Amino acid sequence: MVKGYWIGRVDVTNPDAYKNYVAANAAAFAKYGARFLVRGGALKAVEGEARARNVVIEFPSYEAALACWDSPEYQAAKAERDGHAVADIIVIEGYDGPQPA
């Protein structure tokens, strides 16, 4: 089964209020088996535009990634973020096919 991922690009506009979102999202992420692969960190935009904060979260499956997004736990956490950050987030299925030789 291929994994699922959230890819998020975020500009935080109210860092103090954003901390409430970070605290609140832990319950949903734990429930759906989320694992952070990227959580902030140094970046260099080599093409196109970037946001200040970037995140890649891995889930056991695409279905789990979608279920987490749709869950009441995550939607409650997201309500803590609304109005305090501008975000682009996608939920995407992983790739388990051949790789370049």
Side-chain angles (χ1 to χ4, degrees):
M1 173 182 295
V2 297
K3 295 185 178 188
Y5 298 88
W6 287 15
I7 300 173
R9 301 169 50 245
V10 183
D11 285 330
V12 177
T13 56
N14 183 341
D16 290 333
Y18 190 80
K19 291 175 188 175
N20 296 329
Y21 162 71
V22 172
N25 67 28
F29 290 158
K31 180 177 179 178
Y32 291 93
R35 186 170 79 96
F36 282 90
L37 301 179
V38 174
R39 192 174 194 180
L43 73 97
K44 178 179 180 181
V46 295
E47 186 172 342
E49 295 186 31
R51 293 200 181 266
R53 183 169 177 76
N54 298 279
V55 218
V56 178
I57 307 171
E58 180 183 75
F59 291 83
S61 67
Y62 177 66
E63 293 76 17
L66 285 174
C68 183
W69 178 266
D70 292 333
S71 72
E73 297 91 348
Y74 184 73
Q75 290 304 309
K78 183 183 173 299
E80 294 287 338
R81 188 189 75 212
D82 290 345
H84 304 295
V86 177
D88 300 314
I89 300 173
I90 64 167
V91 179
I92 190 166
E93 184 177 50
Y95 176 71
D96 195 24
Q99 298 293 332

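Keep in mind the model is a prediction, meaning the values are calculated, not measured.
Shown here for S61 and M1, the closest heavy-atom pair between the two residues is CB-SD, 3.2 Å. Across all non-hydrogen atoms, the minimal contact from A87 to V10 is CB-CG2, 4.0 Å. Annotation for A28 and S71: closest pair CB-OG, 4.2 Å, computed over non-hydrogen atoms. Closest approach of V55 to V38, counting heavy atoms only: CG1-O, 3.1 Å. When all heavy atoms of A52 and L43 are compared, the closest pair comes out as O-CD2, 3.8 Å. Minimum heavy-atom separation, F59 to K3: O-CB, 3.2 Å.
Among V56, N54, I57, V22, the one residue that satisfies the side-chain contact (heavy atoms from CB on, under 4.5 Å) test with R39 is V22.
Screening residues 5-15 for salt bridge (charged side-chain N to carboxylate O under 4.0 Å, His left out), with sequence neighbours left out, gives R9-D88, D11-R51. Identified under the salt bridge (charged side-chain N to carboxylate O under 4.0 Å, His left out) test for residues 16-36, with sequence neighbours left out: D16-K19, K31-E73, R35-E58. Evaluation of the salt bridge (charged side-chain N to carboxylate O under 4.0 Å, His left out) test over residues 89-101, restricted to residues two or more places apart or in two chains, returns none.
Proximity of a side-chain donor or acceptor of T13 to a complementary backbone N or O of H84 within less than 3.5 Å is detected.
Here Y5 pairs with nothing under the ring pair (Phe, Tyr, Trp, His ring centres under 6.0 Å) rule; sequence neighbours left out. Considering only residues two or more places apart in sequence or on other chains, E80 meets the salt bridge (charged side-chain N to carboxylate O under 4.0 Å, His left out) condition with none of them. Listed by chain and number, the residues in a ring pair (Phe, Tyr, Trp, His ring centres under 6.0 Å) with Y62 amount to none (sequence neighbours excluded).
One finds the OH atom of Y21 at 15.0 Å from the CG atom of N14 (value rounded to the nearest 0.5 Å). One finds the OH atom of Y32 at 11.0 Å from the CG atom of L66 (value rounded to the nearest 0.5 Å). Once rounded to the nearest 0.5 Å, the distance linking CG of L37 with CD1 of I7 reads 10.0 Å. Atom CG of N20 and atom CZ of R81 lie 13.5 Å apart (nearest 0.5 Å).
Taking hydrophobic clusters as Ile, Leu, Val, Met, Phe, Trp and Tyr residues chained together by side-chain heavy-atom distances below 4.5 Å, F36 shares a cluster with V12.
Here the two rings, on Y74 and W6, have centers that are under 6.0 Å apart.
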